[in-house]
Amino acid sequence: MSSSEHCPVIECIDLSKTFDEGPREVEVLKGFDFKVEAGERVAIVGKSGSGKTTLLNMLGGLDQPTKGWVKVAGQDFSTLNATQRGRLRNQYIGFVYQFHHLLAEFTALENVAMPFLIRGETKAVAAQAAKEILDRVGLNHREDHKPGELSGGERQRVALARALVTRPACVLADEPTGNLDSHTADSIQQLMLSLNHELAISFIIVTHDLKMASDATRIFEMEDGLLSEVSSEGPSSGQ
Ligand SMILES: Nc1ncnc2c1ncn2[C@@H]1O[C@H](COP(=O)(O)OP(=O)(O)O)[C@@H](O)[C@H]1O
Ligand SMILES: [Mg+2]
């Protein structure tokens, strides 16, 4: 029986995070609840330094809350050891960052295959899955290229393919188009939208881009350590 079927994809309860900075403590997340259901596309906006990256790190189990809980597919990270947390993350979560974080010495295909290899799949299975998703993001003709031989937009497509190759339940994207020109940003945005529809993968996207936020099904703002919903109605204004 799958316990994930009736659980939110990601849920946090009373999420709190304080960093010790020498003599000072910085209370970045001040205790809030948040959940994302299957197939949702959530945008998170907020000033620089407001705690958006900290939040994504908690949601993906890369860092641990000072207080409160994060559950992925109903499983509470705090009850798991490091190996189990890694497995939960590998199974359910994909990450996309502002800078692609691809491995320079490996080809696009090898980079995208990596999450499957980490899972312990065979090279053949990993390569097949990587080819399929690279095809889907329009980059099959670049599979043998290393990141240095790709454009910024292509690199971000590879990073998206790597996040999606395992068909995670949720992609956590931290300003994924922040480093791209507006035309390229737009094509990445359209790609994420269509993948969200086709693959029913939830997206949580931190963005400064108002257009990107307006395509979300729900928009949240991080402010003063709290996350609050700004809109559940979709776009209220264009430019
Ligand atoms: N590892 C850390 N140690 C100490 N302070 C941190 C750490 N990570 C983030 N912070 C602080 O937490 C606050 C929020 O940072 P961050 O989550 O990166 O914000 P945002 O992504 O919204 O720009 C900042 O004041 C930052 O200095
Ligand atoms: Mg950030």
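Each ligand, and each atom within it, is numbered from 1 in the order the structure gives. Everything numeric in this text was worked out from a predicted model, so none of it was measured.
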Under 4.0 Å, heavy-atom basis, I'd like to know which part of Lys47 is in contact with ligand 1: side chain, backbone, both or neither.
backbone

Above 12 or not: heavy atoms from other molecules or residues under 6.0 Å from [atom1] of [X]?
X	atom1	result
Glu198	CD	yes
His141	NE2	yes
Lys17	NZ	yes

Quick one: look up the protein heavy atom nearest [atom] and list residue, atom name and how far away it is.
atom	result
atom 12 (O) of ligand 1	Val28 CG2, 3.2 Å
atom 20 (P) of ligand 1	Gly49 N, 3.5 Å
atom 27 (O) of ligand 1	Glu21 OE2, 4.2 Å
atom 19 (O) of ligand 1	Gly51 N, 3.2 Å
atom 18 (O) of ligand 1	Thr53 CB, 3.7 Å
atom 17 (O) of ligand 1	Thr54 OG1, 2.6 Å

Geometric N/O contact Phe19 with ligand 1, under 3.5 angstrom:
no

Shell of protein N/O/S atoms around the Mg ion (ligand 2), taken as anything under 2.8 Å:
Thr53 OG1

His101 side chain reached by Arg162 side chain, heavy atoms, under 4.5 Å:
yes

Note, Leu191 side chain near Arg136 side chain (heavy atom, < 4.5 Å):
yes

CA sep, side-chain torsions, deciding dist, call: Lys67, Asp14, salt bridge (charged side-chain N to carboxylate O under 4.0 Å, His left out):
CA-CA 7 Å; Lys67 196 156 74 72; Asp14 190 27; 3.0 Å; yes

Check for a donor-acceptor pair, side chain of Thr207 on one end and backbone N or O of Glu175 on the other, with a separation under 3.5 Å.
no

Verify, without hydrogens or angle tests, whether Asn196 (side chain) and Ile201 (backbone) share a donor-acceptor contact under 3.5 angstrom.
yes

Assess whether side chain to side chain contact (heavy atoms under 4.5 Å, CB included) is satisfied between Thr107 and Glu143, documenting all intermediate values.
CA-CA 7 Å; Thr107 65; Glu143 65 182 41; over 6 Å; no

Pairing donors with acceptors under 3.5 angstrom, does anything connect the side chains of Arg142 and Ser151?
no

